[in-house]
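Here is the structure we will look at, set down as structure tokens.
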Number of protein chains: 2
Amino acid sequence: MPEASTAKGRATQARIVEGAAEVLREQGVAFTTLDDIRDRTRTSKSQLFHYFPGGKDELLLAVARFEAERVLEDQQPHLDCLDSWESWYRWRDAVVERYELQNDQCPLGSLFLQVGRSEPGARAIAAELMRQWQERIAEGIRTLRARELIPASVDADRNAAALLAGIQGGVSIMMSTGSSAHLKAALDTGIDQLRHAAAGAGQAEVK
Amino acid sequence: MPEASTAKGRATQARIVEGAAEVLREQGVAFTTLDDIRDRTRTSKSQLFHYFPGGKDELLLAVARFEAERVLEDQQPHLDCLDSWESWYRWRDAVVERYELQNDQCPLGSLFLQVGRSEPGARAIAAELMRQWQERIAEGIRTLRARELIPASVDADRNAAALLAGIQGGVSIMMSTGSSAHLKAALDTGIDQLRHAAAGAGQAEVK
DNA sequence: TTTAGACTGGACTCCCCAGTCCATTCTTCT
DNA sequence: AGAAGAATGGACTGGGGAGTCCAGTCTAAA
């Protein structure tokens, strides 16, 4: 994605990415054509290919990057200050609300399935997003540990990984069933597990 | 999907579904054409439309049903006898192994994204699969409760929902990163949480 | 003001692929 | 055997959509 060299050009390029993201959220990747994007963004074919010489794939990748950024932003400021039990619950509510609003539209998941196999770039975006997301959660757990709200024996990375998996799964189940029950269950039991560790012994050591 | 009326016909129909499932696992829905399926299954266009008059959508739906059945079968016999801690770990191993073998091929996830929005039937298949899967897990938790391996206060449905979400998320993260770490973390912490409940107090009641 | 190059419009091409159609062969039943 | 219907082969069509091209306009710098 070569940078546009004038202000007008940059504005157009941004309009394309944002508009494309909208259309993709509404219709899904499989059913979205360049003409749909062209209509929505009030551009022409030549503009699309001018700013994304690689064609549709390159544009989809740009949208994926755009959406990936939003994912963590939408969880702020909660995600970056997981320092008390109240803050964890505020974060939980923010996550649930974000995905309930978005309902059955999971731009990233479907984008990756479309571009995924062909473009190694898409995998990298997804992997990096997961890495960062998990790291913030783990940091929150370490903060709890530092404040002695939970014992030092709690494995921050493993718990963060499990929590992240629960969120992902919760969201994808919501996409097929329309219910956020699983997402809530995953978040609640995940946080409960941390609180529970505070009361009882350390993490289980089995296996 | 009208049933074929001769043995030969039924064999062909089955060959189509199984072959299509293979191709779809290998190439992904977005990149699979009817001609790919025709080649693999040694059939002709007219056969595809003879057995699936609704065309590609109907065939994809049939494949989704086929794959959904396999999901639970592949976890047997473990999923149906979650009656001791050892059996839970055997089940865990079976799930991990199954998805590691399948690696980055998640037929169902992508099938639903393709057919999903247009066909209400796809959602129904996914929802039903999730319901059954969760129910088996919940049944396992109730068995543990009945054997007094965990306290009666444990909420079987909520824990089963969370565990299922963790599995789904673990699998989808594996699809983007290639690593089963999250799947394992989700299963392990989920089971640990049950074991932990056995030692300490009842489930957390917070919030 | 001129000019190079960025930006834009939109018609056009070309290919791919779902779906159609009909002629032919095989099954099954009486 | 022979008829009715199931099963099969494969050529053909039609439309949609990605990507191309070129002519025309705007921007910015000298």
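A note on names: the letters A, B, ... follow the listed sequences, proteins ahead of strands, and every chain is numbered from 1.
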Subject >> Between C1' of D:dG10 and CZ of B:Arg38, the distance in whole Å >> reply: 9 Å
**OP:** Answer with base, sugar-phosphate or nothing: what part of the nucleic acid does A:Ser46 contact at a heavy-atom distance below 4.0 Å?
**Re:** base
Original post:
Can you check whether B:Gln47 has a side-chain N or O nearer than 4.0 Å to OP1 or OP2 of D:dT8?
Top reply: yes
**OP:** Mind calculating the distance between CG (A:Leu48) and P (C:dG9) to the nearest angstrom?
**Re:** 11 Å
Atom pairs and distances, side-chain donor-acceptor, residues 178-185 of chain B, under 3.5 Å, sequence neighbours left out:
from, atom 1, to, atom 2, distance (Å)
B:Ser179, OG, B:Ala181, N, 3.0
B:Ser180, OG, B:Glu100, OE2, 2.7
B:His182, NE2, A:Gln134, OE1, 2.5

**OP:** Using atom NZ of A:Lys8 as one end and atom C1' of C:dG5 as the other, report the distance to the nearest whole Å.
**Re:** 14 Å
Original post:
Got more than 12 heavy atoms from elsewhere within 6.0 Å of CD, A:Gln132?
Top reply: yes
Original post:
Could you state the NE2-P distance from B:His50 to C:dT20, rounded to the nearest angstrom?
Top reply: 15 Å
Subject >> Under-4.0 Å side-chain N/O to phosphate OP1/OP2 contact, B:Thr12 with D:dT8 >> reply: yes
Subject >> Atom pair distance, as rounded to whole Å: CZ in A:Phe52 and P in D:dT20 >> reply: 16 Å
Original post:
Taking atom P of C:dT8 as reference, at what distance in whole Å does atom CD of A:Gln13 sit?
Top reply: 10 Å
Original post:
Atom CG of A:Asp39 and atom C1' of C:dG10: how far apart are they, to the nearest Å?
Top reply: 13 Å
Original post:
Can a side chain N or O of A:Tyr51 be found less than 4.0 Å away from OP1 or OP2 on C:dT8?
Top reply: yes
Original post:
Where each residue is assigned the nucleotide of DNA chain C containing its nearest heavy atom, which of B:Leu34 and B:Ala7 is assigned the position nearer the 5′ end?
Top reply: B:Leu34
Original post:
Is A:Glu128 atom CD crowded by more than 12 heavy atoms from other residues, nucleotides or ligands, each under 6.0 Å away?
Top reply: yes
Original post:
Under 4.0 angstrom, heavy atoms only, what part of the nucleic acid is A:Lys45 near: base, sugar-phosphate, or nothing?
Top reply: base
Subject >> Atom-pair distance (CG on A:Leu60; P on D:dA18), nearest Å >> reply: 10 Å
**OP:** Determine, stepwise, if the pair A:Asp192 / B:Arg158 fulfils salt bridge (Lys or Arg N to Asp or Glu O under 4.0 Å).
**Re:** CA-CA 12 Å; A:Asp192 279 0; B:Arg158 200 181 71 147; 2.7 Å; yes
Original post:
Can we say B:Glu26 and B:Arg40 salt-bridge, meaning some charged N sits less than 4.0 Å from an Asp/Glu carboxylate O?
Top reply: yes
**OP:** Identify whether any heavy atom of B:Thr6 sits under 4.0 Å from a base atom; if not, whether one sits that close to sugar-phosphate; answer base, sugar-phosphate or nothing.
**Re:** sugar-phosphate
